[in-house]
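Input: a single structure, listed below in structure tokens.
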2 protein chains.
Amino acid sequence: MSFTEYAEKSLREKGYKLTKPRRQVLEAIEKAEGPMSPYDIGKMMEGKGRHLDQVTIYRVINLLCSLNLVHKVFSRGGYVRCDLQEEEGCHRFLVCRGCGHLQEYRDEALCRQESQVAQKLGFQAEHHVTESSGLCKDCQG
Amino acid sequence: MSFTEYAEKSLREKGYKLTKPRRQVLEAIEKAEGPMSPYDIGKMMEGKGRHLDQVTIYRVINLLCSLNLVHKVFSRGGYVRCDLQEEEGCHRFLVCRGCGHLQEYRDEALCRQESQVAQKLGFQAEHHVTESSGLCKDCQG
DNA sequence: AGCCAAATGCAATAGTGTTGCATTACTGCC
DNA sequence: GGCAGTAATGCAACACTATTGCATTTGGCT
Ligand SMILES: [Mn+2]
Ligand SMILES: [Mn+2]
Ligand SMILES: [Zn+2]
Ligand SMILES: [Zn+2]
């Protein structure tokens with residue numbers, strides 16, 4: 001199931017309407033290679049003759065983020081589609097400082113250890129947001 | 001050694017000038033309880049009768065960030081002083097969703113494991129940025 | 001005191017994000 | 001397929017975040 005298909009299914013199941021702006025934003029994010037800002041999406045639409053209000057784009061993105069269908073990449077600015085459809089737990093990112101390549105991953109053991117370290121400090125962790133920077137396979141050596 | 005003292009010492013040692021705007025920003029960040037935006041700092045100054053240009057505040061903050069004297073807290077917006085003076089490695093944050101309380105910590109084992117997981121994916125990690133959300137001691141139970 | 005590189009101030013510009021309210025358009029139902 | 005009701009969008013306005021270029025000032029040095 002493609003990203004857009006999965007996202008549309010998720011929206012339906014949760015009672016959200018499947019509107020034209022939502023479809024368009026999903027399509028834009030599906031096609032994009034890297035993180036897109038809401039502004040980028042607006043420009044892309046404009047380039048195709050269509051028009052989407054900035055506020056609408058923000059609202060759509062917020063919804064998608066809240067459903068974990070897209071994630072904000074803090075170290076880069078912008079939003080990317082989730083590549084780990086329906087995999088539970090915390091989704092993390094590897095960000096290559098050479099080529100900008102982004103990889104999403106998940107690791108339960110890491111979550112456990114992270115929560116355990118927090119516990120020692122008296123903190124009850126619920127969610128971990130991590131972005132590691134470094135070099136991807138292609139950019140090493 | 002207080003935050004400001006340590007920061008001023010660091011700036012000197014690295015050949016940066018110790019200017020009035022830099023002192024003022026350091027003082028503002030030292031006093032602040034939570035993360036401050038550059039705009040917040042500007043308003044605070046204005047409130048005290050002084051005036052600092054926004055651009056200057058941004059430049060000072062960028063410098064302090066590059067020296068790891070302050071950190072940006074992505075999940076909240078805004079910048080906080082580093083509480084782990086001169087402790088090597090990746091500094092992480094625990095962010096309470098109840099009261100907003102912020103705690104900075106460090107854990108080498110966590111870094112090792114995180115880098116190891118990345119390695120398995122062919123990625124050579126150099127730095128980890130983590131913000132965990134959950135409940136602090138006071139906000140539990 | 002005087003030099004000068006570094007840093008600041010100012011002006012302009014662009015991107016990010018939010019709110020309120022009138023209008024539109026999905027969805028479910030007949 | 002039309003209709004009703006609610007959810008979502010469009011628009012207008014606004015506030016905050018961030019960057020650039022250039023003229024001017026100033027901290028650190030001799
Ligand atoms: Mn994900
Ligand atoms: Mn720190
Ligand atoms: Zn790379
Ligand atoms: Zn708390």
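In the text below, chain A, chain B and the rest are named by the order of the sequence lines, each starting its count at 1.
- The B/Tyr58 side chain lies nearest to D/dT19 when the options are D/dT19, C/dC10, D/dG10.
- Contacts classified as salt bridge (Lys or Arg N to Asp or Glu O under 4.0 Å) and involving residues 63-78 of chain B (residues at least two apart or in different chains) are not found.
- Between B/Arg22 and B/Glu27, none of the side-chain N atoms (NZ, or NE/NH1/NH2) sits under 4.0 Å from a carboxylate O, so this pair counts as no salt bridge.
- Between A/Lys72 and C/dG17, a side-chain N or O to OP1/OP2 separation shorter than 4.0 Å is present.
- The CD atom of B/Glu13 sits 16 Å away from the C1' atom of D/dG28 (whole-angstrom rounding).
- Using a 4.0 Å cut-off, some side-chain N or O of B/Tyr79 falls inside it from OP1 or OP2 of D/dA18.
- Remark: C1' of D/dC16 and CG of B/Asp53 are 15 Å apart, rounded to the nearest angstrom.
- Closest to the A/Arg22 side chain, of the nucleotides D/dC16, D/dT9, C/dT18, is D/dT9.
- Under a 4.0 Å N-O distance rule, the pair A/Lys9/A/Glu5 does not qualify as a salt bridge.
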Under 4.0 Å protein heavy-atom contact, by nucleotide of nucleotides 20-30 of chain C - B base, S sugar-phosphate only: B-----BS---
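- Summarising the geometry, the separation between CD on B/Gln54 and P on C/dA12 is reported as 17 Å, rounded to the nearest angstrom.
- Between A/Thr56 and D/dA8 there is no side-chain polar atom (N or O) within less than 4.0 angstrom of OP1 or OP2.
- Taking atom CD1 of A/Ile41 as the reference point, atom P of C/dG15 lies 15 Å away to the nearest angstrom.
- The separation between B/Leu64 atom CG and C/dA7 atom P is 12 Å, rounded to whole Å.
- In this structure, B/His51 places its NE2 atom 9 Å from C1' of C/dC10, rounding to the nearest Å.
- Considering only residues two or more places apart in sequence or on other chains, A/Glu8 meets the salt bridge (Lys or Arg N to Asp or Glu O under 4.0 Å) condition with A/Arg23.
- Contact check, A/Tyr39 against C/dT16: no side-chain N or O comes under 4.0 Å of OP1 or OP2.
- Per the geometry, CG belonging to B/Asn62 stands 12 Å off P belonging to C/dT8, to the nearest Å.
- For B/Thr130 against B/Ser132, the heavy-atom pair with the smallest separation is CG2-OG, 3.9 Å.
- A salt bridge links A/Arg92 to A/Glu114: at least one charged side-chain nitrogen sits closer than 4.0 Å to a carboxylate oxygen.
- Note: CG (B/Leu11) to P (C/dA6) measures 15 Å, nearest angstrom.
- Taking a cutoff of 4.0 Å between a charged side-chain nitrogen and a carboxylate oxygen, B/Arg97 and A/Glu126 qualify as a salt bridge.
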